[in-house]
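Positions are given from 1 along the sequence.
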Amino acid sequence: MKNKYFPALLIGITLSACTHQAFKPIARPNPWKDDYTDISKMENYRQWGVYNVHDPAIQKFGDTCYMYSTDAIFAENRKEAREKGVPLGFVQMRKSTDLVQWDFVGWAFPEIPEEAVKWVRDNADGKGATNIWAPYIVHYKDVYRLYFCVSAFGKKSSYIGLAESSSPTGPWTQKGCVIKTNDRTPMNAIDPTIIQDVENGQWWMLYGSYFGGLYGVQLDPETGFTMQEDDRGHLVARRANYRKDNLEAPEIIYNPVFQKYYLFTSYDPLMTTYNIRAGRSDRPEGPFEDFFGKNLSDTTNNFPILTSAYRFDNHPGWAGVGHCGVVQTDSNQYFMVHQGRLSPRNALMVLHLRQIFFTPDGWPVVSPERYAATKPVKFKIADLEGTWEIIRILEPLHERNLEAGQVLWGEGELQKNECNSSILYRFLSNGVIENSGKWNFSPENRFLQLEINHETIDNLIVFAGQDWENQTETILFTGLDSRGRSVWGKRVQ
């Protein structure tokens, strides 16, 4: 297959050329369990390496990845924390050298900055400013800059602040307000993400939410604040009914192979059908286009869709799989982090870290399974014979009674048919999918083609990974169909 973008397929698939043995599935325990209720009490906070993760942001500094997240805690009890000497604070910090085992470092701030509390409550009838949301970190020269958000739920009374340190884990010095909004502004100052223009060195921050959409504003790299005082930027992305159809959590990266900036966003209510979409642009400030060439700033729901609520066999499933951060490693591999809420109650928040791949035409897709540092394998055609679980990642189908783009309390569980569940298919040795269609695998470029129920799906990317539901190393694939919906698969025993 000839394609000018073919070298990009090595991003995330540097795995295969180094080994040549035939694939043999082996039992392998998962790095951690999904239900952490037994260590959810406050005094167990040192064991929260992958637990209580919400709105994560991730960066690699040196040989270590650092992650920062909203201070959301299952079974939070601040009175109990004080009694037991837990140094509870705001903005959780973690670190890892292998992306699998994570150490809980602690909290960045001992309190919410007074300036932020005053702004939010003065503009929200005395409400809000009880937590710090959606942090984001950048490194400039010898300074680490931690951006963070203080807000009131369901209102545009919000504040993006900046703290600095000489270390990625602090201590942090508050520097002041970057952007603040209220009911008189069209945008909402939450969820920042920052990137540098590779051509001219300009710094851009994208931010926003269901209130008015996502905005982009230029920053001064020397100060970390907006280039122009009180500048709130320009519109980048929005949805039609912004009060009900949630849009939030921008994350922007640059891929040098495709020479594109990729904007990841999250749709819909965070506890249930939260899902991640993507757009791309030639410039960090946009305009961004989706899978069908539509501008993200119009009122069309955009594709591709990368994640949504899902369930493989032998597991209760996951909801709330959104609000992502993305990191690029030294080996030019990309990984996405986001929360996953363990069904059916959707209250436990577990870190999901997935490898990102890029299709031949330059669209990101993610692994159907969480990363577990599985060794690379070069697969043969015969390795793919057998039974597969395949999931089609579709956009939510049901209308919900929402407030400010989020599910109301008491509606935190998935409704019937809201979860994308797997279907079993059997790949026969003659290239037939039993009772369904055909399959064809090219070991040279690691692409799988499926014809299922008269629909052809090309360029599915095949790789080795952990079967978390069955605690076994197996074969996985990921890709997009012609409608921009993700297609996930794993071979099972």
Side-chain angles (χ1 to χ4, degrees), residues 55 57 112-113 115-124 128-129 132-138 140 145-164 174-197 200-240 242-243 245-252 261 263-266 279 281 283-288 295-299 323 404-405:
D55 306 339
I112 304 174
E115 180 185 65
V117 173
K118 185 177 188 316
W119 170 262
V120 170
R121 293 182 180 172
D122 283 353
N123 288 273
I132 295 180
W133 299 345
Y136 190 87
I137 194 167
V138 294
Y140 182 70
R145 291 175 175 154
L146 186 60
Y147 294 80
F148 60 91
C149 313
V150 182
S151 186
F153 180 81
K155 294 182 179 295
K156 291 184 288 185
S157 304
S158 302
Y159 174 109
I160 294 178
L162 170 62
E164 292 185 345
Q174 295 293 335
K175 305 302 288 186
C177 178
V178 182
I179 291 179
K180 53 188 176 183
T181 56
N182 56 26
D183 286 342
R184 295 184 297 277
T185 63
M187 68 287 289
N188 188 22
I190 65 171
D191 297 356
T193 179
I194 297 167
I195 197 165
Q196 184 179 21
D197 191 312
N200 58 31
Q202 292 179 351
W203 284 62
W204 289 88
M205 180 173 76
L206 282 70
Y207 72 97
S209 78
Y210 45 82
F211 282 125
L214 309 182
Y215 285 73
V217 64
Q218 188 177 353
L219 299 182
D220 182 346
E222 294 299 324
T223 66
F225 294 99
T226 56
M227 185 68 75
Q228 302 295 327
E229 188 176 358
D230 296 327
D231 184 11
R232 296 185 180 91
H234 62 276
L235 181 67
V236 170
R238 65 179 177 180
R239 297 180 73 185
Y242 70 83
R243 290 183 180 274
D245 294 331
N246 193 25
L247 168 67
E248 61 185 18
E251 170 76 341
I252 188 168
Y261 296 88
L263 177 62
F264 300 87
T265 64
S266 291
S281 175
R283 304 194 304 271
E285 69 270 31
F288 291 87
N295 193 313
L296 266 61
S297 65
D298 67 20
T299 56
H323 198 128

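- Atoms CG and OH, on N246 and Y210 in that order, are 7.0 Å from each other to the nearest 0.5 Å.
- Side-chain N/O atoms of D231 and T226 include no donor and acceptor closer than 3.5 Å.
- Contact detail for W133 and S151: the closest heavy-atom pair is CZ3-CB, 3.5 Å.
- By the side chain to side chain contact (heavy atoms under 4.5 Å, CB included) test, P113 is found to be paired with A116, I132, F148, Q174, residues two or more places apart in sequence or in another chain being considered.
- Residues L235 and R238 approach most closely at CD2-CD, 3.7 Å, considering heavy atoms.
- Here the straight-line distance linking atom CD1 of I179 with atom CZ of R232 works out to 8.0 Å at 0.5 Å rounding.
- Contact of the C177 side chain with the W119 side chain is not registered, since no non-hydrogen atoms from C-beta on lie closer than 4.5 Å.
- Closest approach of K155 and A124 over heavy atoms only: CD-CB, 3.7 Å.
- Every residue was checked against the ring-ring contact (aromatic ring centres under 6.0 Å, His included) condition with Y159, not counting sequence neighbours, and none meets it.
- With sequence neighbours left out, T181 forms a side-chain hydrogen bond (donor to acceptor under 3.5 Å, both in side chains) with no residue at all.
- Side chain of K156 to main chain of T185: a donor-acceptor pair is present (N/O by atom type, distance under 3.5 Å, no hydrogens or angles).
- Minimum interatomic distance between P250 and G208 (heavy atoms only, all atoms of both residues): CD-O, 4.2 Å.
- By the 4.5 Å heavy-atom criterion applied to side chains, T223 and K175 are not counted as neighbours.
- Each of I252, L214, D191, I194 was scored for a side-chain contact (heavy atoms from CB on, under 4.5 Å) with L206, with one residue passing: I252.
- For the atom pair E285 CD and I195 CD1, the distance stands at 11.0 Å (nearest 0.5 Å).
- In this structure, the separation between CZ on F211 and CG on D183 is 7.5 Å, given to the nearest 0.5 Å.
- Within the 4.5 Å cutoff, the side chain of Q202 has heavy atoms near those of the Q218 side chain.
- Side chains of V178 and M205 form a contact here, defined as non-hydrogen atoms less than 4.5 Å apart.
- Between V117 and A129, the shortest heavy-atom distance links the atoms CA-CB, 3.8 Å.
- Of the inter-residue distances, the one linking N188 atom CG with E248 atom CD reads 9.5 Å to the nearest 0.5 angstrom.
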When you look at Q196 and V138, which way does the side-chain contact (heavy atoms from CB on, under 4.5 Å) test go after all the steps? CA-CA 10 Å; Q196 184 179 21; V138 294; over 6 Å; no
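- Taking the side chain as every heavy atom from C-beta outward, R283 and W204 never approach each other to under 4.5 Å.
- A ring pair (Phe, Tyr, Trp, His ring centres under 6.0 Å) with W203 is found for exactly one of F225, Y140, Y147, namely Y140.
- When all heavy atoms of Y136 and P192 are compared, the pair lying nearest together is CB-O, 3.4 Å.
- Between the CD1 atom of I160 and the SG atom of C149 there is a distance of 5.0 Å, given to the nearest 0.5 Å.
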